[in-house]
Amino acid sequence: MSTTLPAPATSIVRTPSKRTILMCRPDFFTVSYRINPWMHPEAPTDTSLAVRQWETLYQTYLDLGFDVHLIDPVDGLPDMVYAANGGFVIDNIAYGASFTYAERQPEGPAYMDWFAANDFDVRVPENINEGEGDFLLVGDIILAGTGFRSATNSHEELARIYGREVVTLELGNPSFYHLDTAIAVLDPAPGFTAPDGSGPNIAYLPSAFNETGLAILRERFPDALLVNEEDAAVLGLNSFSDGYNVVIASRAKDFERQLRERGYNPIGVDLSELLLGGGGVKCCTLELRR
Ligand code: ARG
């Protein structure tokens with residue numbers, strides 16, 4: 001009798017690739033309004049702690065060899081630290097953000113000015129969207145969230161601008177109001193093929209999606225890692241991967257274990273202060289794809 005044993009997951013060799021990202025130091029971070037359930041304006045925040053924690057994330061990215069660009073923070077825009085919402089960038093085209101809530105609306109032009117000054121082809125948005133908070137490039141397709149922030153007509157705009165397939169996913173739990181709080185992209189490079197020949201993979205929180213969204217995810221990503229409620233509740237999914245190293249919330253222990261089993265290298269950071277605004281690792285990170 002001959003049996004073929006599957007190769008142990010740990011034998012998978014994953015290849016990191018250097019990323020270029022944009023970040024914003026939280027010099028003016030505080031919680032002065034409430035636009036998601038994580039935010040409690042009546043509770044105090046510690047801006048200097050937020051800066052120290054953010055600097056650990058920044059240093060982690062530098063140590064991974066990433067090319068990290070910085071946009072100047074603006075006094076009075078406390079959520080500007082969540083750079084992922086500042087736009088969406090592929091093929092040197094920067095699709096600007098148009099924020100849902102008045103409190104964050106001035107961030108859209110601030111980020112578009114930065115893109116223009118840094119030679120990106122800026123597209124002024126016609127529809128409400130919160131950039132990479134709701135749009136995730138997975139291989140060659142774009143997963144696009146809706147339900148709380150980005151409007152579905154922005155998904156159509158995205159498809160027109162980039163000429164790529166855009167898959168709409170509806171979110172249903174207000175605590176996971178941006179797609180990047182409910183899905184982590186583990187192999188983000190365009191055209192990526194996994195060592196075993198399969199496509200790029202993701203991790204997600206099943207309960208964050210409605211039935212239609214869940215059916216799409218199950219069909220398209222049968223090997224996805226499913227993250228538990230406990231890890232999702234510390235924004236564990238809000239992570240950033242270079243294809244091998246995955247920077248995650250240090251408290252997301254089961255997600256960390258699953259990543260290690262699949263041959264990824266999880267790196268935990270503590271952004272507890274920025275969690276008070278409803279954001280984590282990925283929220284502070286906008287990928288710039290030239
Ligand atoms: N306070 C911010 C908001 O509610 C947090 C944004 C988090 N960003 C993200 N990409 N999930 O808009």
Side-chain angles (χ1 to χ4, degrees), residues 21-26 28-43 45 47 50 53-54 57 71 73-74 76-89 95-108 110-111 128-137 142-151 154 169 171-185 188 202-205 208-209 227 231-241 247-249 252 269 271-288:
I21 60 173
L22 178 63
M23 298 180 75
C24 181
R25 192 183 303 275
F28 303 107
F29 174 75
T30 186
V31 176
S32 53
Y33 49 82
R34 181 173 166 92
I35 57 172
N36 70 54
W38 304 79
M39 302 175 86
H40 298 285
E42 67 285 0
T45 49
T47 306
Q53 292 180 338
W54 178 92
L57 178 65
I71 179 173
V74 175
L77 297 178
D79 276 342
M80 205 173 158
V81 58
Y82 305 114
N85 300 127
F88 186 62
V89 187
Y95 175 48
S98 172
F99 285 84
T100 314
Y101 295 105
E103 291 88 339
R104 295 196 69 182
Q105 272 161 14
E107 293 182 45
Y111 276 91
I128 303 287
N129 83 88
E130 299 196 354
E132 212 170 48
D134 273 327
F135 306 144
L136 300 173
L137 182 70
I142 299 168
L143 299 181
T146 190
F148 296 101
R149 302 290 179 91
S150 301
S154 74
L169 297 169
L171 296 159
N173 177 341
S175 292
F176 305 103
Y177 56 93
H178 276 140
L179 194 63
D180 72 355
T181 65
I183 292 185
V185 182
I202 62 168
Y204 66 92
L205 173 70
F209 298 90
V227 166
D231 285 356
V234 291
L235 290 188
L237 281 163
N238 195 252
S239 57
F240 190 76
S241 173
V247 184
I248 65 167
V269 295
L271 294 183
S272 60
E273 201 59 24
L274 292 166
L275 198 59
L276 302 177
V281 171
K282 177 63 189 71
C283 299
C284 297
T285 314
L286 175 66
E287 188 156 4
L288 303 172

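When a ligand or atom number is given, it counts from 1 through the structure's own listing order. In what follows, residues are counted from 1 in the order of the sequence shown. The shown structure was predicted, so the numbers you read here are calculated from the model rather than taken from an experiment.
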Chemist: With a 3.5 Å cut-off and no angle check, do the side chains of S154 and N129 form a donor-acceptor pair?
Modeler: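 Short answer, no.
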Chemist: Please confirm whether R149 comes within less than 3.5 Å of ligand 1 when only nitrogen or oxygen atoms on both sides are compared.
Modeler: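 R149 vs ligand 1: N/O contact under 3.5 Å present.
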Chemist: Sub-3.5 Å donor-acceptor pair from the side chain of R104 to the main-chain atoms of D79, do we have one?
Modeler: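 Checking the backbone N and O of D79 against the side chain of R104, a donor-acceptor pair under 3.5 Å is found.
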Chemist: Ignoring angles and geometry beyond distance, decide whether N85 reaches within less than 3.5 Å of ligand 1 through its nitrogen or oxygen atoms.
Modeler: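 Such a contact does occur with ligand 1.
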Chemist: Give me the residue, atom name and distance of the protein heavy atom closest to atom 12 (O) of ligand 1.
Modeler: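 Sorting protein heavy atoms by distance from atom 12 (O) of ligand 1 puts R104 NH1, 2.6 Å first.
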Chemist: Can you find an N/O atom of E130 closer than 3.5 Å to an N/O atom of ligand 1?
Modeler: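 No: no nitrogen or oxygen of E130 is under 3.5 Å from one in ligand 1.
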Chemist: Provide the closest heavy-atom pair for L235 versus G280 in the form atom of the first, atom of the second, distance.
Modeler: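 Here L235 and G280 meet closest at CD1-N, 3.8 Å.
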Chemist: Would you say ligand 1 has an N or O under 3.5 Å from any N or O of M39?
Modeler: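 Not met; the criterion fails.
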Chemist: Heavy-atom pairs closer than 4.0 Å: do any link ligand 1 to the side chain of Y101, the backbone, both, or neither?
Modeler: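 Neither part.
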Chemist: Identify the closest protein heavy atom to atom 9 (C) of ligand 1: which residue and atom is it, and at what distance?
Modeler: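 Ranking protein heavy atoms by distance from atom 9 (C) of ligand 1, first comes C283 SG, 2.6 Å.
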Chemist: Could you list which atoms of ligand 1 come closer than 4.0 Å to a heavy atom of D79?
Modeler: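 Within the 4.0 Å cut-off of D79, ligand 1 contributes 1 (N), 2 (C), 3 (C).
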Chemist: For ligand 1, is any non-hydrogen atom under 4.0 Å from K282's backbone (N, CA, C, O), its side chain (CB onward), both, or neither?
Modeler: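 No part of K282 is near ligand 1 at this cut-off.
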Chemist: Report yes or no: does T47 contribute a side-chain atom to a donor-acceptor pair with the main-chain N or O of F28 at less than 3.5 Å?
Modeler: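 Not at all, since once roles are kept as given, no pair shorter than 3.5 Å links the two residues.
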Chemist: Backbone or side chain, does any N or O of N36 fall under 3.5 Å from an N or O of ligand 1?
Modeler: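 It does: an N or O of N36 is found under 3.5 Å from an N or O of ligand 1.
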Chemist: Which atoms of ligand 1 sit under 4.0 Å from any heavy atom of G133?
Modeler: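 The list of qualifying atoms is 10 (N).
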Chemist: Closest non-hydrogen protein atom to atom 1 (N) of ligand 1, residue and atom name please, with distance?
Modeler: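 So the nearest neighbour among protein heavy atoms is G277 O, 2.7 Å.
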Chemist: Which heavy atom of the protein is the closest neighbour of atom 10 (N) of ligand 1, given with residue, atom name and distance?
Modeler: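 Of every protein heavy atom, D180 OD2, 2.8 Å lies nearest to atom 10 (N) of ligand 1.
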Chemist: Is a donor on one side and an acceptor on the other found under 3.5 Å between the side chain of Y204 and the backbone of L237?
Modeler: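 A pair under 3.5 Å: no.
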Chemist: Does H178 offer a backbone N or O that forms a donor-acceptor pair with the side chain of D134 under 3.5 Å?
Modeler: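 Pair absent, no side-chain N/O of D134 close to backbone of H178.
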Chemist: Look at the side chain of N85 and the backbone N and O of G131, then say whether any donor-acceptor pair between them is shorter than 3.5 Å.
Modeler: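 Here the side-chain-to-backbone pair does not exist.
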Chemist: Using modelled atom types only, decide if a donor and an acceptor are shared between the side chain of Y82 and the backbone of L274 within a distance under 3.5 Å.
Modeler: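 Yes, because the side chain of Y82 sits within donor-acceptor range (under 3.5 Å) of the backbone of L274.
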Chemist: In this structure, does ligand 1 have an atom that sits under 4.0 Å from one of the heavy atoms of F99?
Modeler: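 F99: no contact with ligand 1 (<4.0 Å).
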Chemist: Any idea which atoms of ligand 1 are less than 4.0 Å away from a heavy-atom of G278?
Modeler: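 It comes down to these atoms of ligand 1: 7 (C).
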Chemist: Quick one: does E130's side chain have a donor or acceptor within less than 3.5 Å of a partner on F99's backbone?
Modeler: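 No, the answer is negative, given that no donor and acceptor are paired below the 3.5 Å cut-off.
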Chemist: If the test is side chain to side chain contact (heavy atoms under 4.5 Å, CB included), which one of L288, T285, V89 qualifies with L22?
Modeler: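 Testing L22 for a side chain to side chain contact (heavy atoms under 4.5 Å, CB included) against L288, T285, V89 leaves exactly one candidate, L288.
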